[in-house]
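Only one structure is covered here, and it is reproduced in the block below.
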Protein chains: 2
Amino acid sequence: MSQMQNVERQLREMILGLEIGPGERLTERWIESRFGASRTPVRAALLRLETEGLICRDGRGWTVSPINLAELEQIAVYREAVEVAALRLTCALEDRSAVDVIEAMLDSCDAATPREEWHRIGMDFHIELARLSGNEFLFRAVRDAMTRLSRARWLEIRDEAALGRAWAEHHAILAAVRAGDADEAARRLSAHIVGSRDRLVASLHNDRRGLRARGFAVVAA
Amino acid sequence: MSQMQNVERQLREMILGLEIGPGERLTERWIESRFGASRTPVRAALLRLETEGLICRDGRGWTVSPINLAELEQIAVYREAVEVAALRLTCALEDRSAVDVIEAMLDSCDAATPREEWHRIGMDFHIELARLSGNEFLFRAVRDAMTRLSRARWLEIRDEAALGRAWAEHHAILAAVRAGDADEAARRLSAHIVGSRDRLVASLHNDRRGLRARGFAVVAA
DNA sequence: GATACCAATTTGGGATACCAATTTGGTATC
DNA sequence: GATACCAAATTGGTATCCCAAATTGGTATC
């Protein structure tokens, strides 16, 4: 694999994994030495990550994007639009058997599953569901939105019950899709997204002292 | 302005203005000499234009994205999702007086207005309408979708009547927004987008021989 | 002690040199 | 004439160098 893709992938993982905190400043030369690459692939990676919203310009330099509560709320509205549209397309498909694969994905999580796995699968549920629609633009929109949400969702203080509730909502959505009931599926998906947003924003808001203490920049709504 | 932004802007204009045809191959060194810049800003521009969908990788090199009829149809579905969502947000606003500015924009076009201006304003109508929603993600989605559609819309064979019909639909949408009738506005916007797509795809399909003759790559649906 | 100011360092933007892989054009062979 | 093959040119990927601007740290002045 090329250096360019390497740096991009590794840097993205460090940002999404919060090894580099939200709000932290980045210098091209630090990245260069950190990954043993020269500045050309580093710059390519930075440009890509900027379009993903993971980093942003800070005057002349670069900053890891802060957690922005206002942005999280806007993303929820955006998600509702694109995910519901994708879901309706999927419900209109002749062959909706692919939902079984997604259901199996959900069911692969149990009490012994590490938290990272729940986190990843919780996002992949939405991404893969959007992929089923067959619309590349809706799919990419959902995938990009989930990428932007990833860090905030990871920071979210989640109790066991909240995860169980989310999974139950996921299952209910799939059931409606399998039945071909687009309106019901859309209703449940909308409610799920709005509920997720509310819990997410509330959690981050309540814990913003803790986050600041860890050096994470959190921008209020 | 920096070279990087300069190259990006000029190259984008050449692609959107069809000075470089869809499907044409690009080499970094040609761009370099064409704009008198070195490869560093050229590469930055290429990476940005790739994310906009205006160019795409072609093995090791770069190609101006072909006109893709299947993509145009998918974009219409995407647009319907995000534009309608944005429109509903706008209809829910207390102060919807900003639609007057958009209406004035439409009204600035008359028989003496050059075709480029009609083209640009026809896109800006949708972009500015989405901006009113206040949701940055919906706005960017619409703006990016219109950018991707730009070349195809320019190639579209449009008669006077089609333009008049489009403008009438624009006005009707604004009227519904001003009245705060979200359902009516959404219905009209959906119909407008679907109708535009049908006319666009049909036009390009009918003229695909002419387009090929001009050296433009057109990928069938 | 606060502040204005200057030198040294750092940083991103740009240019260029080098390399490996691919493409290209021609040539020799059958 | 077709084809296999090789050398030269081209091209994108990478590393490195230079530069202007911005930041920084210390110092002299009040």
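Owing to the predicted nature of the structure, the values given are computational and were not obtained by experimental measurement. Convention: sequence-line order gives letters A, B, ...; per-chain numbering from 1.
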- When rounded to whole Å, the CZ to C1' distance for the pair A:R60 and D:dA21 reads 5 Å

- Message: Nearest whole Å is fine: how far is D:dT16 C1' from A:R43 CZ?
- Response: 11 Å

- Quick one: label A:L26 by what it contacts on the DNA or RNA (base, sugar-phosphate, nothing), any heavy atom closer than 4.0 Å. sugar-phosphate

- Item | Residues B:D110 and B:T113: side-chain donor-acceptor under 3.5 angstrom | yes

- Message: At 4.0 Å (heavy atoms only), tell me whether A:R57 reaches a base, stays on the sugar-phosphate, or touches nothing.
- Response: sugar-phosphate

- Within 45° cone and under 6.0 Å: B:R25 NZ/CZ vs B:W62 ring: no

- Message: Does either side chain, that of B:S133 or that of B:N135, offer a donor lying less than 3.5 Å from an acceptor on the other one?
- Response: no

- Query: At under 4.0 Å between heavy atoms, what does A:T27 touch on the DNA or RNA strands: base, sugar-phosphate, or nothing?
  - Reply: sugar-phosphate

- Return one dot-bracket line describing DNA chain D 5' to 3' (Watson-Crick or G-U wobble pairs, both distances under 3.5 Å; ( ) same strand, [ ] crossing, | another strand, . none). ||||||||||||||||||||||||||||||

- Reckon B:A37 touches a base, only the sugar-phosphate, or nothing at all at heavy-atom distances under 4.0 Å? sugar-phosphate

- Taking B:E24 for the side chain and B:G21 for the main chain, is one N or O donor matched with an acceptor at less than 3.5 Å? yes

Under 3.5 Å, side-chain donor or acceptor atoms of residues 63-70 of chain B against the rest of the protein: list the pairs with distances, not counting sequence neighbours.
from: B:T63; atom 1: OG1; to: B:D58; atom 2: OD2; distance (Å): 3.3
from: B:S65; atom 1: OG; to: B:G53; atom 2: O; distance (Å): 2.8
from: B:S65; atom 1: OG; to: B:L54; atom 2: O; distance (Å): 3.2
from: B:S65; atom 1: OG; to: B:I55; atom 2: N; distance (Å): 3.4
from: B:N68; atom 1: OD1; to: B:A70; atom 2: N; distance (Å): 3.0
from: B:N68; atom 1: OD1; to: B:E71; atom 2: N; distance (Å): 3.0

- Spacing of A:E28 atom CD relative to D:dC19 atom P, expressed in whole Å: 19 Å

- Message: Please identify the 5'-most and 3'-most nucleotides of DNA chain C with any atom under 4.0 angstrom from a heavy atom of chain B.
- Response: C:dG14 to C:dA21

- Per nearest nucleotide of DNA chain C, the residue lying toward the 5' end, B:R29 or A:R25, is A:R25

- Item | Atom pair distance, as rounded to whole Å: CD1 in A:I31 and C1' in D:dA15 | 17 Å

- Residues at least two apart in sequence or cross-chain that pass ring pair (Phe, Tyr, Trp, His ring centres under 6.0 Å) with B:W167, listed by chain then number, are B:W118, B:H170

- Do A:S203 and A:N206 meet the criterion of a side-chain donor-acceptor pair at a distance under 3.5 Å? no

- Take B:G61 and A:S38, find for each the nucleotide of DNA chain D with the closest heavy atom, and name the residue whose nucleotide sits nearer the 5' end. B:G61

- A:W30: what forms a ring pair (Phe, Tyr, Trp, His ring centres under 6.0 Å) with it, not counting sequence neighbours? none

What side-chain donor-acceptor pairs closer than 3.5 Å can you find for residues 208-217 of chain B, not counting sequence neighbours?
from: B:R208; atom 1: NH1; to: B:H205; atom 2: O; distance (Å): 2.7
from: B:R208; atom 1: NH1; to: B:H205; atom 2: NE2; distance (Å): 3.4
from: B:R212; atom 1: NH2; to: B:V218; atom 2: O; distance (Å): 2.6

